[in-house]
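A short write-up of the structure that comes next.
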Amino acid sequence: MQHLIDSFLQTELDKLNKEQKKAALHKEGPLLVLAGAGSGKTKVVVTRIAALIAQGVDPYNILGVTFTNKAAQEMKERVSSLIGKSVLISTFHSLGVRILRESIDRLGFSRQFIIYDADDSLKLIKTLSKELYGPDEKIDAKELQSLFSSIKNNLERAIPPNIESIYNLYKKRLFELQAVDFDDLLFLPTLLFQRHPDVLEYYQDRWHYMLVDEYQDTNHAQYEFVRLLVQKRKNLFVVGDPDQSIYSWRGASIRNILDFEQDYRDATIIKLEQNYRSTRTILSAANAVIKNNDSRYEKALWSAHDEGEKISLFQARSERLEAHFVAHMVRQIRSLHGIPLSDIAIFYRTNFQSRPFEDLLLSQKIPYTIIGGLSFYQRKEIKDILAYLRLLENPNDLISFLRVINMPKRGFGEQFLTKLTAYAQREAIPIMHLLRSPPPSEIRTSAKQKAGWQEFATLYHNLLQAKEKKPLSELVRDVITQSGYLSIIDLDKETREERRENVAELIAKAAEWEDMQIQDMQIQDMQEAENPEKEPSLSRFLEELTLTTSLDSLEENNSDRLSLMTAHNGKGLEFQIVFLVGLEEELFPHINSKHSPDSLEEERRLFYVGITRAKKKLFLTYTTQRHLWGGLRHMRPSRFLHEIPFELRKIIKQ
DNA sequence: CCAGCTCTGGACCAT
DNA sequence: CCAGAGCTGG
């Protein structure tokens, strides 16, 4: 048996180059793999996990962390198909939830906590700032939100005095509502490890080998989380590329990777410099561009592929004509070279740029899919229905309550709700429990409100019963029909059709999810239990939705479609043909990055990420005029275009 | 005090 | 181009 595994592993290892092999066979101690774009890092990570297991490591003791569910899923599948074993590979955020569900009681929280997404937390901040400063004070809630976020992401101890009171109130209220925000999913596990050595030790003894992908995009909380977890055994395997660090605005620090040698003594460093993805032309262009950055970890990416075609440069006179050119080229490439649409992508800097492309592709009947952007679950009608569902799970959920109490209109306005919230707060009663009796007598209540109150209470009662008895999809249907939500949808004739389709889609998705859970449960018996409780429940459905990004949910779409996405969303992907569009000053590089050299370098890294997604052919386009901020503006070509050597590009005339 | 209307000002990237 | 502020009638 052992020899069988060995020979099997040997075949896998034979597929790797010298450096890749060295990384894959690394067993103990800290290791940094500097993996250039397209250098086969996923293959290395997967083989390394297989090698560990072949050497007798229990799969249960291995932990892999990635940034997106999609990447985690892919790695998991590849490991499983290679050695037939299931290994825990998760995103930082899902891992945080897992740890908190097991151990958050040590921080005084209930294990039944709810997760507030960015939208919910913004609403809470707005509510609190009114509470604290009065309704007339103009407070930039978004600004506060991002300050709070960076405090948590940087594990800041000193809170700026001017925001201290509102920050503390925010934390206190989250605790009272038994809610955690997105940043807490990293912050609280780290806090847990710092405060409770026994908890830390428990997890250290569970995961002996840790692998972290995209290490260049970790923030300080994640850094600390990882550091604590591997402290005992020091078996940390990180993979990353400083040149692809593009999330500093989310608190990521490029220093984490640049300082790896200092942080982990005796660290081995391996550079993967052979690119297996792109033509030499594309790679030379990428190298020429990134060379302009000062803060780098020097490495020379090379390719054994052919020179390939020159990079095409196109200047349009409007965003509409830019889209026209792209659509035209896509048709041509498809018919002339037989390249499927699924192997072609359009990358842009900001989401609003997708508009003209969508319009044109729609009218020309070219199938496309938008990856990212406003996801299905961020649509108003969907969030409203989900808020009803969340209240069934957690009667404390103030934000969801405020979202749906007057949806449809039941006569409750700001005045009433402010008083009611204050009342619930003072009496320390979960907001939904107030519905067990008539509105508090100290709050003036009109006849309409009394009726609305009764109606809402009955609805809640009925839905709670439906939750116990009916399958999830039926429950979702009940929420939609019984709440009266359909009457709101019908109000607006313009959007009526679309919104009806969306809520119907939600019912379908719930049914689909249920089926999948049941299937999973049957497979689950074969493998070690990885999730303590796997029965399809409302709470697990809701949790998965909050953690599933638009990026992840669209992978099920396997029909032949052109992909449209931001350059950020393109990271980790590759396509035969890539169009990088909107390459204009103040757009890419974005205007907000002009103030500092650091953020300008990050823009350049983002451009680099975009270029290196292309395998065969790269198109760069820009327009001289564009509709921006409500008006028509003159645009200048991006400085990055000038960084591409002449001999690598050719200009396409319209 | 709520609901519906008009007006205005703000809009990068996202787990 | 949409969300939230501001205004006014019920």
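Just so we're on the same page: letters track the sequence lines, and every chain starts at 1.
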With sugar-phosphate meaning primed atoms plus P, OP1 and OP2, does A/Lys126 contact a base, only sugar-phosphate, or nothing at under 4.0 Å between heavy atoms? sugar-phosphate
Would you indicate which nucleotide in B/dC1, B/dT15, B/dA14 comes nearest to any side-chain atom of A/Asn351? B/dA14
For A/Glu143 and B/dG10, what is the distance between atoms CD and C1' respectively, to the nearest whole Å? 15 Å
Quick one: A/Phe352 CZ to B/dC13 C1', roughly how many Å, whole number? 12 Å
Distances for protein N or O near nucleotides 2-4 of chain B N or O, under 3.5 Å:
from, atom 1, to, atom 2, distance (Å)
B/dC2, OP1, A/Gly413, N, 3.1
B/dC2, OP1, A/Phe416, N, 3.3
B/dC2, OP1, A/Gln449, NE2, 3.4
B/dC2, OP2, A/Gln415, N, 3.4
B/dC2, O5', A/Gly413, N, 3.4
B/dA3, OP1, A/Gly411, N, 3.0
B/dA3, OP2, A/Asn406, ND2, 3.1

I'd like to check the side chain to side chain contact (heavy atoms under 4.5 Å, CB included) partners of A/Lys142; sequence neighbours left out, ordered by chain and number. A/Leu122, A/Asp140
Could you check whether A/Arg78 pairs with A/Glu74 (Lys NZ or Arg NE/NH1/NH2 to Asp/Glu carboxylate O, under 4.0 Å)? yes
So A/Lys419, base contact, sugar-phosphate only, or nothing? Heavy-atom distance under 4.0 Å. sugar-phosphate
Report the relative orientation of the aromatic rings in A/Phe182 and A/His93; use parallel for angles under 30°, tilted for 30 to 60°, perpendicular for over 60°. tilted
Separation of B/dC12 atom C1' from A/Met565 atom CE, nearest Å, is 17 Å
How would you list, by chain and number, every residue that makes a salt bridge (Lys or Arg N to Asp or Glu O under 4.0 Å) with A/Glu501, sequence neighbours excluded? none
Rounded to the nearest Å, what distance is computed from the CG atom of residue A/Asp384 to the C1' atom of nucleotide C/dA3? 14 Å
Atom pair distance, as rounded to whole Å: CD1 in A/Ile246 and P in B/dC13: 13 Å
Side chain to side chain contact (heavy atoms under 4.5 Å, CB included) partners for A/Arg500, two or more places apart: A/Leu486, A/Ile489, A/Asp490, A/Arg496
So which nucleotide from B/dA14, B/dC12, B/dC1 ends up closest to the side chain of A/Tyr247? B/dA14
If you measure from the ring centre of A/His568 to the centre of the six-membered ring in the base of B/dC13, is it under 5.5 Å, with the planes under 30° apart? no
Test ring-ring contact (aromatic ring centres under 6.0 Å, His included) applied to A/Tyr348 - qualifying residues, sequence neighbours left out: none
Quickly work out the A/Asp119 CG to B/dT15 P distance and round it to whole Å. 14 Å
Only counting residues at least two apart or in another chain, list the ones meeting ring-ring contact (aromatic ring centres under 6.0 Å, His included) with A/His590. none
A/Asn592 has its side chain closest, among B/dA14, B/dC12, B/dT15, to B/dC12
Can you check the A/Glu214 CD to B/dT15 P distance for me, whole Å? 13 Å
Using a cut-off of 4.0 Å on non-hydrogen atoms, how would the nucleic acid contact of A/Phe67 be classed: base, sugar-phosphate, or nothing? sugar-phosphate
Separation of C/dC1 C1' from A/Gln353 CD (nearest whole Å): 16 Å
